[in-house]
Number of protein chains: 2
Amino acid sequence: MDLAGRQLFALATDLVIFAFDGDALRLLLVRRGKPPFRGEWALPGGFLEHGETLEECARRELREETGVELRRLDQLSAFSTPGRDPRGNVVSIAYLALVRASNVLATAGSDAAEAAWREVDALPKLAFDHADIVEMARRRLADALYTTTAAFDLLPDSFTLAEAQTAFERVSRAPIDKRNFRSWLHKESRLRETGLARRGQHRPAKLYRLDQDQEPAQ
Amino acid sequence: MDLAGRQLFALATDLVIFAFDGDALRLLLVRRGKPPFRGEWALPGGFLEHGETLEECARRELREETGVELRRLDQLSAFSTPGRDPRGNVVSIAYLALVRASNVLATAGSDAAEAAWREVDALPKLAFDHADIVEMARRRLADALYTTTAAFDLLPDSFTLAEAQTAFERVSRAPIDKRNFRSWLHKESRLRETGLARRGQHRPAKLYRLDQDQEPAQ
DNA sequence: GCAAAAGTGTTATCCCTACACCCATGA
DNA sequence: TCATGGGTGTAGGGATAACACTTTTGC
């Protein structure tokens, strides 16, 4: 095994985790408990260890820092600008995931002093190059909106069509016509009625769930 | 600067470089001059050095190994399965690029014993997990075919519509209707007539070039 | 009965697809 | 004149986008 003479790097993962609170898209952030950028907000993440894949690392770090477990995790991009981490020679691979409801309690773990779900349209200043990473993630997410079922991962198991529409509007950052959205859903026939309804102040809204038969998606 | 205690890795880039010879899509391969996998075919690439970005590394390695220079280079994905490199603890970031004509001479440089353009549909067995990387690259390329101008990077500065169609067919791995392809090009109006024609055995074919005005694309 | 959100169809336009024949040239 | 690849248009079906009113409930 000769890696002799190779220049070595620390490898990190950074996670862009979005959730939808019924009204706004939110992003999971941690307040850094150690230098560099101690006390500032950053994406959750951490260092890769020997013998694990980047994806395993991402899941492990997220669990340790925030207690959040997730199903699907997509690789976004590697970030390697020299100097992006003041500790030097750290290359980071960013991952993107969506979670259902922000009630996955963001409890601070080891490395992170504090964790919180912040509205993506009102983010604090972020450490490192994390603002760039977040913007790339939002674009990636919006690009996949209508071609995968990814966005439904933002919704609870059963949801109303109005909730789904709002989630799509927040991801695409554009208003959507109610009737067109519903006929598109019908044409795609990715949803099943549950027979139940959500009762509120006004007329009850039917609850739907994703039709599992065709979930494979991309 | 404390990276103390961090487990370190060698970082490599692997390049998937496609060219179009007028008939088939071809992939740039090098025959490895050193272990591991000495003598086997592999993607060009090499190790990241301190102070450079991954993209800079990819360009440098390609230049050194094959003399090929390229404009645009897209990051594909990071590959981190433990054991993917027998030297251990090597994470690789794959890049994708397209070059005009395969007459960019693939001359072997330092690390590579030999370089060659091989038809993508008749590739030899590849070292490491490079076959997986190539397949991901082909899918990525096909996905972007009709939404970016990327595929025109495969063509010479001026080209006939038949040449463009063949390139699109090879990338998408599907036959394309001639009239539909041409009316799509017209609708997109990304091409400009040069006024010249390519003379051959039969009726001369008009030569076109990409309209620079709207090249930004994605 | 009133306020508020849920639910529902139609029309015009554009895009995609399928499909067949004449044209210009070199040999 | 013939063989070969270059070049051209249309019609039908499906998707998209714009648009407003009725229904059901809680208060």
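Naming convention: chains lettered A, B, ... in sequence-line order (proteins, then strands); numbering from 1 in each chain. Remember, it's a predicted structure, so these values are computed and weren't measured experimentally.
When all heavy atoms of Gly39(A) and Arg31(A) are compared, the pair lying nearest together is O-NH1, 3.0 Å. The two atoms that bring Glu52(A) and Cys57(A) nearest to each other are OE2-CB, 3.3 Å, heavy atoms only.
Listed for the His130(A) side chain is no donor-acceptor partner under 3.5 Å among the backbone atoms of Ala42(A). Looking at Thr53(B), its side chain does come within 3.5 Å of a backbone N or O of Glu56(B) through a donor-acceptor pair.
Atom CG in Leu185(A) sits roughly 12 Å away from atom P in dT16(D) (whole-Å rounding). Regarding Tyr146(B), its OH atom lies at a distance of 10 Å from the P atom of dC16(C), rounded to whole Å. Distance CZ (Arg182(A)) to P (dA5(C)): 13 Å, rounded to an integer number of Å. One interatomic measurement links the two molecules: NE2 of His186(A) to P of dG7(C), which rounds to 15 Å at whole-angstrom precision. Protein atom CZ of Phe159(B) is 16 Å distant from nucleotide atom C1' of dG6(D), rounded to whole Å. Atom pair Tyr208(A):OH and dA6(C):C1' shows a separation of 10 Å (rounding to whole Å applied). Computed from coordinates, the Trp184(B) CH2 to dT8(D) C1' distance equals 19 Å when rounded to whole Å. dG6(D) atom C1' lies 12 Å from atom CG of Leu207(B), rounded to whole Å.
Among the candidates Asp21(A), Asp23(A), Val120(A), the single residue satisfying the side-chain contact (heavy atoms from CB on, under 4.5 Å) test with Arg170(A) is Asp23(A).
Lys178(A) comes within 4.0 angstrom of a nucleotide base, judged by non-hydrogen atoms across all strands. Using a 4.0 Å heavy-atom distance criterion, Arg199(B) is classed as a sugar-phosphate-only contact.
Contact check on Asp121(B) versus Arg138(B) returns a salt bridge, with a Lys/Arg side-chain nitrogen under 4.0 Å from an Asp/Glu carboxylate oxygen. Under a 4.0 Å N-O distance rule, the pair Asp153(B)/Arg72(B) does not qualify as a salt bridge. Ion pairing between Glu163(B) and Arg209(B) fails under the 4.0 Å rule for side-chain N and carboxylate O. Remark: Arg32(B) does not engage Glu40(B) in a salt bridge, criterion side-chain N to carboxylate O under 4.0 Å. Electrostatic pairing of Asp132(A) and Arg84(A) does not count as a salt bridge here, judged by no charged N lying under 4.0 Å from a carboxylate O.
If you check residues 165-172 of chain A against DNA chain D, you find no residue with a heavy atom closer than 4.0 Å.
Among dT25(D), dA18(C), dG26(C), the nucleotide with an atom closest to any side-chain atom of Asn180(B) is dA18(C).
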Distances for protein N or O near nucleotides 12-15 of chain D N or O, under 3.5 Å:
none

Give me, pair by pair, the N or O atoms of the protein and of nucleotides 3-5 of chain D that are less than 3.5 Å apart, along with how far apart they are.
residue	atom	partner	partner atom	Å
dT4(D)	O4'	His202(B)	NE2	3.3
dT4(D)	O2	His202(B)	ND1	2.9

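Overall, the helix from dG1(C)-dC27(D) to dA27(C)-dT1(D) carries an axis bend of 0° between its ends, with five pairs at each end and the value rounded to 10°.
Annotation: side chain of Leu123(A) is in contact with side chain of Leu29(A) (closest heavy-atom distance under 4.5 Å).
Looking at residues two or more places apart in sequence or on another chain, you find a ring pair (Phe, Tyr, Trp, His ring centres under 6.0 Å) between Phe9(A) and His50(B). Considering only residues two or more places apart in sequence or on other chains, Tyr146(B) meets the ring pair (Phe, Tyr, Trp, His ring centres under 6.0 Å) condition with Phe168(B), Trp184(B).
For Phe159(A) and Tyr208(A), the ring centers are positioned 6.0 Å apart or more.
The phosphate of dA18(C) has neither OP1 nor OP2 within less than 4.0 Å of any side-chain N or O from Arg179(B).
When each of Ser183(B) and Leu161(B) is assigned the nucleotide of DNA chain D with its nearest heavy atom, Leu161(B) is the one assigned upstream, toward the 5' end. Ranked by how close their nearest DNA chain C nucleotide is to the 5' end, Asp177(A) and Gly200(B) are led by Asp177(A).
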